[in-house]
Number of protein chains: 2
Amino acid sequence: MTATRLTAKGAATRDRIVSAAADLVLARGVGGTSLDDVRAGTLTSKSQLFHYFPGGKSELVLAIAELQMQRVLQAQQPYLRTLDTWADWDGWRDALLAHYAAQPHWGCPIGTLVSELVGTDPAAAATVVGHLNRWRGHLRDGLVRMRDGGLLRPDADPECLALAVFASVQGGLLLTQALRSIEPLSAALDAALTALHAAAPDGHAYATR
Amino acid sequence: MTATRLTAKGAATRDRIVSAAADLVLARGVGGTSLDDVRAGTLTSKSQLFHYFPGGKSELVLAIAELQMQRVLQAQQPYLRTLDTWADWDGWRDALLAHYAAQPHWGCPIGTLVSELVGTDPAAAATVVGHLNRWRGHLRDGLVRMRDGGLLRPDADPECLALAVFASVQGGLLLTQALRSIEPLSAALDAALTALHAAAPDGHAYATR
DNA sequence: GAACTCTTGGACCGGATGGTCCAATATTGT
DNA sequence: ACAATATTGGACCATCCGGTCCAAGAGTTC
């Protein structure tokens, strides 16, 4: 990892590299982005890349993953923190949709990353999977609170439901990337929320948007 | 495309290449699989690769996509053909789950392919997206038949529901690849079917598995 | 069996890529 | 001011990779 201490200038350069590299990787994937591309896109030199990321491309990719994770978690606030009312889930849905609609390129920076890394850099992939689990954990925690609060039936399985909702998010984003439209994510989230509502106690009404 | 006519021996060699290359790409991705890997994995020579795939790697990748598409569509039969009863959907779910559980590696050969190609080979990506749309079209057609048969409410939107179900499939497979477990796909499919049932006319009962 | 086509082997090439290294310059701390 | 450390530029390298080419072998057709 980065062993040497960073001055303010150094930290700024590092941030510039990560941010630009994140955009490149989002647009063209890890394999499609060379370190020379990053160098050209940040007006830096080869030595700087390896100065701030001694581990080379792998370490840079991990830094990108961390940045993207931070961004997407941030975009889901304040809803993600609680997610213990139906209104929270609706707000969460809208926030997520708005975030990805505003993104310069389609697709999920984390999902595509992990899908590519699994086959080429298992060690890095494992770290990124950890991030995915952290994200998914927030959804599960919210569902646990919903169940404890009586908004879900006692026999509802938060772990399983969170997995399903998260799959809808990732799948929606994959299709969003493939079809170059936000529609798939929107449809996927609606269906996921519908499925959640189906786990509410009897008598609970839900109008699909 | 392949211009010269193929003898039986030639066709066999071509098939062997595509089949082995499909496994390699599934395991390590397009970027992680070199033509030399394919050559070594099929006991062929460089010239054969370019003899049967004059378009080079792109053309080989397209052939792989076609093969994988054929396989996955086949695995969903006979349910995919109709999908006009709830029993069909249950059967479809089980068939899909069984297919991917039996696969030598986790993940969707088509989904990961398209997510990787979008950034590096847009032309090939477009073709593969066409395959995805064909698959999704079958789901939509089934939902249209369900609606026409009164098993879905008249105001249900088959296009939108198909998108959501398909997103669950792809997202489930992405997580299946990341977490190296079939659970995510199972949970995603269950939730997707639950959401479908929510579009059934009033009075319709559905017991979540 | 001869002419033709399909198939196969493998050497070779040019360019891209990840990574190393060293020297020069700026910054920091005392 | 001066030493130590952080930052920067860029030449250089070994390797990998997609792709080309030619010549020899196998199979088909008449």
Side-chain angles (χ1 to χ4, degrees), chain A residues 1-21 24-25 27-64 113 116-117 119-124, chain B residues 1-21 24-25 27-64 113 116-117 119-124:
Chain A
M1 291 294 163
T2 311
T4 57
R5 275 170 35 193
L6 294 184
T7 65
K9 188 179 178 187
T13 302
R14 202 195 109 108
D15 287 351
R16 189 156 42 93
I17 293 173
V18 176
S19 170
L24 287 172
V25 167
R28 304 193 293 213
V30 175
T33 305
S34 73
L35 292 184
D36 247 39
D37 291 337
V38 175
R39 189 190 50 70
T42 54
L43 298 175
T44 55
S45 68
K46 226 26 177 324
S47 72
Q48 294 179 66
L49 259 46
F50 283 85
H51 179 69
Y52 294 109
F53 306 94
K57 201 176 186 179
S58 276
E59 191 178 339
L60 176 57
V61 166
L62 287 181
I64 292 172
L113 212 56
E116 190 176 351
L117 291 180
T120 56
D121 190 342
Chain B
M1 292 293 162
T2 312
T4 56
R5 274 168 39 191
L6 295 183
T7 65
K9 189 179 178 187
T13 303
R14 202 195 110 108
D15 287 351
R16 188 157 42 94
I17 293 173
V18 176
S19 171
L24 287 172
V25 167
R28 304 194 293 215
V30 175
T33 306
S34 72
L35 293 184
D36 248 39
D37 291 337
V38 175
R39 190 189 50 69
T42 55
L43 298 177
T44 55
S45 67
K46 216 57 171 304
S47 72
Q48 294 180 65
L49 259 47
F50 283 87
H51 179 69
Y52 295 109
F53 307 94
K57 201 175 185 181
S58 276
E59 190 178 339
L60 175 57
V61 166
L62 287 181
I64 292 171
L113 212 56
E116 190 175 353
L117 290 179
T120 55
D121 190 342

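Naming: A, B, ... by sequence-line order, numbering from 1 per chain. Just the heavy atoms: all of them, side chains too, but no hydrogens, waters or symmetry mates, feed the values below.
- Taking atom CG of residue A:L24 and atom P of nucleotide C:dT17, one finds them 12 Å apart after rounding to whole Å.
- The CD1-P distance, from B:I17 to C:dT7, rounds to 11 Å in whole Å.
- Residue-level contact check: A:S47 touches the bases, meaning some heavy atom is under 4.0 Å from a base atom.
- You can see that DNA chain D meets the heavy atoms of chain B within a 4.0 Å-exclusive cut from D:dC17 to D:dA26, reading 5' to 3'.
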Exercise for review: Go through the steps for B:R28 and B:D37 under the test salt bridge (charged side-chain N to carboxylate O under 4.0 Å, His left out), then give the verdict.
Suggested key: CA-CA 11 Å; B:R28 304 194 293 215; B:D37 291 337; 3.3 Å; yes

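- Rounded to an integer number of Å, the gap from A:K57 NZ to C:dA16 P is 15 Å.
- For the pair A:L49 CG and C:dG18 C1', the interatomic distance rounds to 10 Å; values are reported in whole Å.
- C:dA11 atom P lies 10 Å from atom CZ of B:R39, rounded to whole Å.
- If you take CZ on A:F50 and OG on A:S45, they are separated by 11.0 Å, rounding to the nearest 0.5 Å.
- Proximity of B:F53 to B:V18: side-chain heavy atoms (C-beta onward) are separated by under 4.5 Å at one or more points.
- Each of A:R16 and B:K46 lies near DNA chain D, and the nucleotide nearest A:R16 is the one positioned closer to the 5' end.
- B:I17 places a side-chain heavy atom less than 4.5 Å from the side chain of B:L49.
- Distance CD/A:Q48 to CZ/A:R14: 13.5 Å, rounded to 0.5 Å.
- An OP1 or OP2 oxygen of C:dC6 is reached within less than 4.0 angstrom by no side-chain nitrogen or oxygen of B:Y52.
- The side-chain heavy atoms of B:L60 and B:L35, taken from C-beta on, include a pair separated by under 4.5 Å.
- The side chain of A:K9 contributes an N or O atom lying less than 4.0 Å from OP1 or OP2 of C:dT27.
- Comparing the helix axis at one end of the helix from C:dG1-D:dC30 to C:dT30-D:dA1 with that at the other, each defined from 5 consecutive pairs, gives an inter-axis angle of 20° (nearest 10°).
- A pairwise comparison of heavy atoms in A:A11 and A:L6 identifies CA-CD1, 4.1 Å as the closest pair.
- Atom pair A:F50:CZ and C:dG19:C1' shows a separation of 4 Å (rounding to whole Å applied).
- One can place CG of A:D37 at 6 Å from P of C:dT17, the figure rounded to the nearest angstrom.
- Distance check: A:T13 OG1 to A:L43 CG gives 11.0 Å after rounding to the nearest 0.5 Å.
- Looking at the side chain of B:T7, the nearest of the listed nucleotides C:dC6, C:dG18, C:dT8 is C:dC6.
- Contact between the side-chain N/O atoms of B:Q48 and the OP1/OP2 oxygens of C:dT8 is found at a separation under 4.0 Å.
- The side-chain heavy atoms of B:V61 and B:D121, taken from C-beta on, include no pair separated by under 4.5 Å.
- Between the NZ atom in B:K57 and the OG atom in B:S34 there is a gap of 7.0 Å [rounded to 0.5 Å].
- The nearest heavy atom of DNA chain C to A:A8 and to A:V30 marks one nucleotide each, and the one closer to the 5' end goes with A:V30.
- Protein atom NE2 of B:H51 is 6 Å distant from nucleotide atom C1' of C:dT7, rounded to whole Å.
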